[in-house]
Engineer: 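Have a look at the structure that comes next, please.
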Amino acid sequence: MLETDDWAALDVARDHAIRYLKDLDARPVDARSGPAEIVAAAPPALPNGGEAAEAVVRELVDLFDPGLVASAGGRFYGWVTGGTYPAGIAADWLTSAWDQLSGPGPASPAANAADVIVGRWLVELLGLPDGAMTGLVTGTQMANFTALAAGRNAQLAKVGWDVERRGLAGAPPVRVVAGRERHVTIDTALRYLGLGTDSVVPVDCDGQGRIVPAAFGDAIAAAAGGPLLVCLAAGNVNTGSFDPFAELIPVARAAGAWTHIDGAFGLWAAASPTTRHLTTGVDLADSWALDAHKWLNAPYDNAAVIVRDPDALLAAMSTNADYLTPNETTVDPLAKVPEMSRRARGFAFYAVLRHLGRAGVADLVDRTGAMARLFADRLGALPGVRIVNDVVINQVLVEFADADPAAVAAAVRASGEAFVTPSKWAGRPVLRISVSGWRTDAGDVDRTVGAIEGALRSR
Ligand SMILES: Cc1ncc(COP(=O)(O)O)c(C=O)c1O
């Protein structure tokens, strides 16, 4: 029998959430339990009887709390993981409570409008071309896929091939020029799109992961003459480096290519006067992908695909059926993204952008960048420790003369003090530190450097 006052569950969740966020700094950063222990502690089969909502929330907390990682806190530096601003969390709660269907426009004028407003703000904030169209998707994987679908459509249309109708069998081959250090989600997108990873013409990169212009020119010359996609990066996932857009994109354009920029986190550098120079020329591209859940510190899952030519995006994504009754004044959310029914993620995106304002986004980029440089200064001063990359934004790569980065990362995580991860750069093992959370301050850097020193001492 269910209890009637299930609304109390919301109060319990709110109280727990606020306590969790306030106590975040005091808890060990890594989880205390692994998934197998949590699975073992849960009912093995779904019980026949239901449970009151409030009790379910309490059970959720008891069962899953040991497996939580304090990634929303100031000492989590794994992958590229932002925290969440309270404004974003609150908007996310409202998104669930409002439970809007963000698909056919009339299903929620509010959700439809949030997408439009966020899109307009992004284009302006990042200095992208007026009139570019934005769709909100789950992450940059999906944004890369969506943008390259639009590019595939447009490039094949230019040679008279309607890929939406005819598919790829028998189509002229599409080549993809991309740096050797491209993010793996570009390859995944090409697989999803039926282009296959063999379509890539890989281009050599320099020691920071930036495409070498001369090699790019050669690759374009070799691949030109048919449908051509070019993938560039704003923010290499390891080094944080940026391809030289102003040099490369005119070459791609002259060859008639569609240029896409994977800017999952790095594109936010365009929002700060301090780092904007790194993105010079991004506005020349045809499409862009960026996450809100990484460096902007919006809640998961939230990202944007932006396409210069709205018709190309709509041709690749839009869908219709008699029962959908499209909106007459704005483009329906479902016309711009792969999903049909979809969370109204524009509300949380709106809330974080509105909370920060232009100056706040710039400050976030600058502050986290300053903390990354502090890491580089502090760690680089230790004996046997070398900083491998130019710290241009929020990424730091660390090499040890006589320690295995994976073992150092494991020891730091086990200490509960911080969360760092190993990677490889130029084939060599490195420790990777990504300062993406809004909470990280000099005290956090201090504690993390202490934990790394401790790990090095105790080998
Ligand atoms: C450069 C780059 N591109 C794409 C992605 C994939 O983004 P998401 O995990 O949001 O799909 C990442 C994730 O770290 C990234 O750093």
Side-chain angles (χ1 to χ4, degrees), residues 69 71 76-84 88 122 126 134-149 176 178-193 197 200 205 208-211 229-243 245 259-270 275 278-279 282 285 287-306 337-339 342-343 345 348-349 352 365 368 372 389 392-397 419-425 430 432-437:
V69 174
S71 49
F76 186 92
Y77 311 105
W79 306 286
V80 187
T81 307
T84 319
L122 284 180
L126 302 171
T134 303
L136 299 186
V137 289
T138 50
T140 292
Q141 169 69 83
M142 211 32 118
N144 283 337
F145 165 79
T146 307
L148 291 173
V176 183
R180 288 190 193 278
E181 296 294 345
R182 66 190 176 276
H183 193 265
V184 64
T185 51
I186 294 292
D187 295 70
T188 315
L190 297 176
R191 282 167 36 214
Y192 295 170
L193 286 164
T197 50
V200 176
C205 295
Q208 298 298 318
R210 293 172 296 221
I211 284 179
L229 301 173
V230 168
C231 297
L232 305 180
N236 174 282
V237 71
N238 281 307
T239 64
S241 70
F242 292 71
D243 284 328
F245 308 114
T259 302
H260 171 65
I261 295 184
D262 173 358
F265 58 103
L267 199 51
W268 293 107
T275 47
L278 296 165
T279 65
V282 273
S287 58
W288 303 263
L290 89 159
D291 271 318
H293 57 219
K294 290 190 168 72
W295 213 0
L296 187 67
N297 283 255
Y300 289 105
D301 37 27
N302 221 324
V305 55
I306 306 174
V337 297
E339 300 98 349
R342 191 182 72 114
R343 181 173 181 75
R345 53 180 62 88
F349 211 144
V352 175
V365 167
T368 43
N389 64 320
V392 290
I393 48 170
N394 61 338
Q395 303 293 119
V396 188
L397 295 184
F419 195 116
V420 288
T421 56
S423 184
K424 276 194 174 164
W425 186 247
V430 291
R432 193 176 163 285
I433 298 174
S434 177
V435 188
S436 304

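Indexing begins at 1, ligand by ligand and atom by atom, following the structure's order. Keep in mind that what you see is a predicted model, and the values were worked out from it rather than measured. All values below were derived from every heavy atom in this structure, side-chain atoms included, with hydrogens, water molecules and symmetry-related copies excluded.
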Engineer: Would you confirm whether Asn236, through its side chain, and Asn238, through its main-chain N or O, come within 3.5 Å as a donor-acceptor pair?
Structural biologist: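 Judged by distance alone, yes, a pair lies under 3.5 Å.
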
Engineer: One thing to verify: whether Arg182 and Asp262 come together as a salt bridge, which I'm taking to mean a side-chain N less than 4.0 angstrom from a carboxylate O.
Structural biologist: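 Looking at Asp262 and Arg182, the cut-off is not met.
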
Engineer: Identify, for atom 16 (O) of ligand 1, the protein heavy atom at the shortest distance, and state residue, atom and that distance.
Structural biologist: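 Ranked first by proximity to atom 16 (O) of ligand 1 is Val237 CG2, 3.3 Å.
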
Engineer: Got the closest protein heavy atom to atom 8 (P) of ligand 1, with its distance?
Structural biologist: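 Here the nearest protein heavy atom works out to Lys294 NZ, 3.2 Å.
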
Engineer: Relative to ligand 1, is Thr185 under 4.0 angstrom through side chain, backbone, both or neither, heavy atoms considered?
Structural biologist: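 Near ligand 1, Thr185 shows its side chain, while the N, CA, C and O stay back.
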
Engineer: How far is atom 3 (N) of ligand 1 from its nearest protein heavy atom, and which residue and atom name does that atom have?
Structural biologist: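 Result for atom 3 (N) of ligand 1: Asp262 OD2, 2.8 Å.
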
Engineer: Numbering the atoms of ligand 1 from 1, which are under 4.0 Å from a heavy atom of Gly139?
Structural biologist: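 Counting from 1, the qualifying ligand atoms are 10 (O), 11 (O).
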
Engineer: Judged by modelled atom types alone, do Thr140 and Asp291 share a side-chain donor-acceptor pair under 3.5 Å?
Structural biologist: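 A donor-acceptor contact under 3.5 Å links the two side chains.
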
Engineer: I need the atoms of ligand 1 closer than 4.0 Å to a non-hydrogen atom of Gly235, numbered in the order shown.
Structural biologist: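 Ligand 1 atoms under the 4.0 Å threshold to Gly235: 1 (C).
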
Engineer: Hey, does Leu126 have a side-chain heavy atom less than 4.5 Å from the side chain of Val282?
Structural biologist: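 No, every pair of side-chain atoms sits at 4.5 Å or beyond.
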
Engineer: Need the ligand 1 atom indices (1-based, order shown) with element for anything under 4.0 Å from a heavy-atom of Phe265.
Structural biologist: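 Result: 16 (O).
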
Engineer: Quick check against the 3.5 Å criterion: does Arg345 have a side-chain atom that pairs as donor or acceptor with the backbone of Asp301?
Structural biologist: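 Checking the backbone N and O of Asp301 against the side chain of Arg345, a donor-acceptor pair under 3.5 Å is found.
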
Engineer: Show the atoms of ligand 1 that are less than 4.0 angstrom away from any heavy atom in Gln141.
Structural biologist: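 The atoms of ligand 1 under 4.0 Å from a heavy atom of Gln141 are 6 (C), 7 (O), 8 (P), 11 (O).
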
Engineer: Would you mind running through ligand 1 and noting each atom that sits below 4.0 Å from a heavy atom of Asp291?
Structural biologist: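 Reading through ligand 1 atom by atom, the close ones are 7 (O), 8 (P), 10 (O).
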
Engineer: To the nearest 0.1 Å, how far is atom 5 (C) of ligand 1 from its closest protein heavy atom, and which atom is that?
Structural biologist: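 Residue, atom and distance for the closest contact: His183 CE1, 3.3 Å.
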
Engineer: Which atom pair, heavy atoms only, marks the closest approach of Thr239 to Asn389?
Structural biologist: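 Scanning both residues, the minimum pair turns out to be O-ND2, 3.1 Å.
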
Engineer: When you measure from the heavy atoms of Ala303 to every atom of ligand 1, does any distance fall below 4.0 Å?
Structural biologist: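 Contact check Ala303 vs ligand 1: negative.
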
Engineer: For Val305, which of Thr146, Thr134, Asn144 qualifies under side chain to side chain contact (heavy atoms under 4.5 Å, CB included)?
Structural biologist: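 Passing option: Thr146.
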
Engineer: May I ask you to check if ligand 1 and His293 share an N or O to N or O distance below 3.5 Å?
Structural biologist: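 His293 vs ligand 1: N/O contact under 3.5 Å present.
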
Engineer: Mind listing the closest non-hydrogen atom pair of Ala304 and Leu122 along with its distance?
Structural biologist: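 For Ala304 and Leu122, the tightest heavy-atom pair comes out as CB-CD1, 3.7 Å.
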
